[in-house]
Amino acid sequence: MPQLDLTTDQLLTTTRAVRRRLDLTRPVDRALVEECLALATQAPTGRNRQRWDFVVVTDPARRAALAGLYRLGLTHPRDRVARTGLDRTTEDTARRLRLAVSAQHLFDHLHEVPVLVVPCVRIESRHELAGHTGQANAWGSILPAVWQFMLAARSRGLGTAWTTPHLHYEREAAELLGIPYETVAQTALVPLAHTLGTDFRPGPRVDTARITHWDSW
């Protein structure tokens, strides 16, 4: 399909987390996914090791099972996830309500999304992720590629969202998808579908003056 007529700045500012506007009825051509993956793997990666792998799930039964693990991660999380701390959106009650409705929609319909992508990073062992530096090295070798995948998807009229609740049940997901758990870490679950309309706008953000620290904090 032809790419959307977006400037670089428009692409960077309108690649949103898409939940309610994913087209659940329209298939995604395999060639489109492969184009996005080819662009994803042009991302920078630590020492050019290219430790990334992407599990693309289109089988309905596996999608349903993976969506089930996502829901379990939200309703019965295994790990403690901080819910407090800094939140720069607390003043926007209406926006937080819209986000809650959007999240519920994805919760209810994730199994209907035509493609689910699980980005992974290869590791020496799970011990590699025990420390902050090891985590930074591992995530830094996969997250830029995932973002480029999302940008490539947006430019082709596809929507994505970064989700992580299924990682509470990562071992079960690994068994479901045949991923070697000890040497391959899953990093996210990314729904992928054509969008209902393409007119996405930049999201509300705090002024950069509030978050920029010159020379010291």
Side-chain angles (χ1 to χ4, degrees), residues 6-19 36-37 39-54 70 73-74 77-103 106 117-155 159-168 170 183-191 200-217:
L6 299 172
T7 67
T8 301
D9 285 1
Q10 287 173 327
L11 178 64
L12 291 172
T13 56
T14 65
T15 300
R16 318 309 314 160
V18 185
R19 303 177 185 90
C36 295
L37 289 173
L39 291 168
T41 58
Q42 288 298 314
T45 174
R47 287 182 285 169
N48 195 30
R49 292 171 65 189
Q50 303 182 46
R51 294 195 281 165
W52 45 54
D53 287 273
F54 297 84
Y70 168 88
L74 286 170
R78 284 177 170 169
D79 300 322
R80 180 183 178 276
V81 178
R83 302 294 184 187
T84 58
L86 176 65
D87 184 349
R88 290 190 168 104
T89 67
T90 53
E91 65 275 11
D92 192 343
T93 304
R95 180 169 178 266
R96 289 170 66 84
L97 179 59
R98 289 194 300 271
L99 178 60
V101 171
S102 175
L106 188 64
V117 181
V118 181
C120 302
V121 60
R122 296 188 183 228
I123 53 177
E124 184 175 316
S125 71
R126 287 279 157 171
H127 180 71
E128 182 178 341
L129 304 178
H132 178 68
T133 303
Q135 290 183 29
N137 286 333
W139 308 144
S141 290
I142 180 64
L143 298 193
V146 181
W147 178 233
Q148 287 200 187
F149 178 83
M150 292 174 162
L151 292 171
R154 163 65 174 146
S155 73
T160 58
W162 177 277
T163 80
T164 55
H166 93 284
L167 295 178
H168 288 283
E170 184 189 0
T183 56
V184 176
Q186 300 167 53
T187 60
L189 170 59
V190 180
F200 293 92
R201 298 175 296 176
R205 293 293 186 267
V206 298
D207 189 276
T208 55
R210 291 178 57 189
I211 61 169
T212 306
H213 310 271
W214 294 93
D215 296 321
S216 64
W217 186 268

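For the numbers below, each heavy atom of this structure counts, side chains included, while hydrogens, waters and symmetry mates do not. Numbers here are sequence positions counted from 1.
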Quick check against the 3.5 Å criterion: does Q186 have a side-chain atom that pairs as donor or acceptor with the backbone of V118?
no
So with a 6.0 Å cut-off around CZ of R51, is the heavy-atom count from everything else above 12?
yes
Rounded to the nearest 0.5 angstrom, the CG-CZ distance for L99 and R19 is 5.0 Å
Spell out, as yes or no, whether a donor-acceptor pair under 3.5 Å connects the side chain of R126 to the backbone of V184.
yes
For H127, side chain to side chain contact (heavy atoms under 4.5 Å, CB included) partners two or more places apart:
S125, A130
Here the pair of heavy atoms bringing Q148 nearest to P44 is OE1-CD, 4.2 Å
Do Q135 and N137 have a side chain donor and acceptor closer than 3.5 Å?
no
Kindly compute the distance separating CZ (R78) from CG (L167), expressed to the nearest 0.5 Å.
12.0 Å
Side chains of P191 and T160: does their closest heavy-atom pair fall under 4.5 Å?
no
Would you confirm whether T212, through its side chain, and T208, through its main-chain N or O, come within 3.5 Å as a donor-acceptor pair?
yes
Can you tell me how far the CG atom of L151 sits from the OG1 atom of T15, to the nearest 0.5 Å?
4.5 Å
Where is the tightest heavy-atom contact between F200 and R154, given as atom of each residue plus distance?
CD1-NH1, 3.5 Å
Looking only at heavy atoms, the pair that brings A185 and L129 closest together is CB-CD1, 3.9 Å
Please report the closest heavy-atom contact between E124 and E128, naming both atoms and the distance.
N-OE1, 2.7 Å
Provide the closest heavy-atom pair for F54 versus A40 in the form atom of the first, atom of the second, distance.
CZ-CB, 4.4 Å
To the nearest 0.5 Å, tell me how far R96 CZ sits from D87 CG.
4.5 Å
From CZ (R47) to OG (S141), nearest 0.5 Å:
8.0 Å
For L37 and W52, run side-chain contact (heavy atoms from CB on, under 4.5 Å): C-alpha distance rounded to whole Å, both residues' side-chain angles, the deciding distance at 0.1 Å, then the answer.
CA-CA 11 Å; L37 289 173; W52 45 54; over 6 Å; no
Distance check, rounded to the nearest 0.5 Å: L12 atom CG versus T8 atom OG1?
6.5 Å
Heavy atoms from other residues, nucleotides or ligands near CD of Q50 exceed 12 (cutoff 6.0 Å):
yes
Donor-acceptor pair, distance only, cut-off 3.5 Å: does the side chain of H166 make one with the backbone of G73?
no
Nearest non-hydrogen partners of L11 and S155, listed with the distance
CD1-N, 4.0 Å
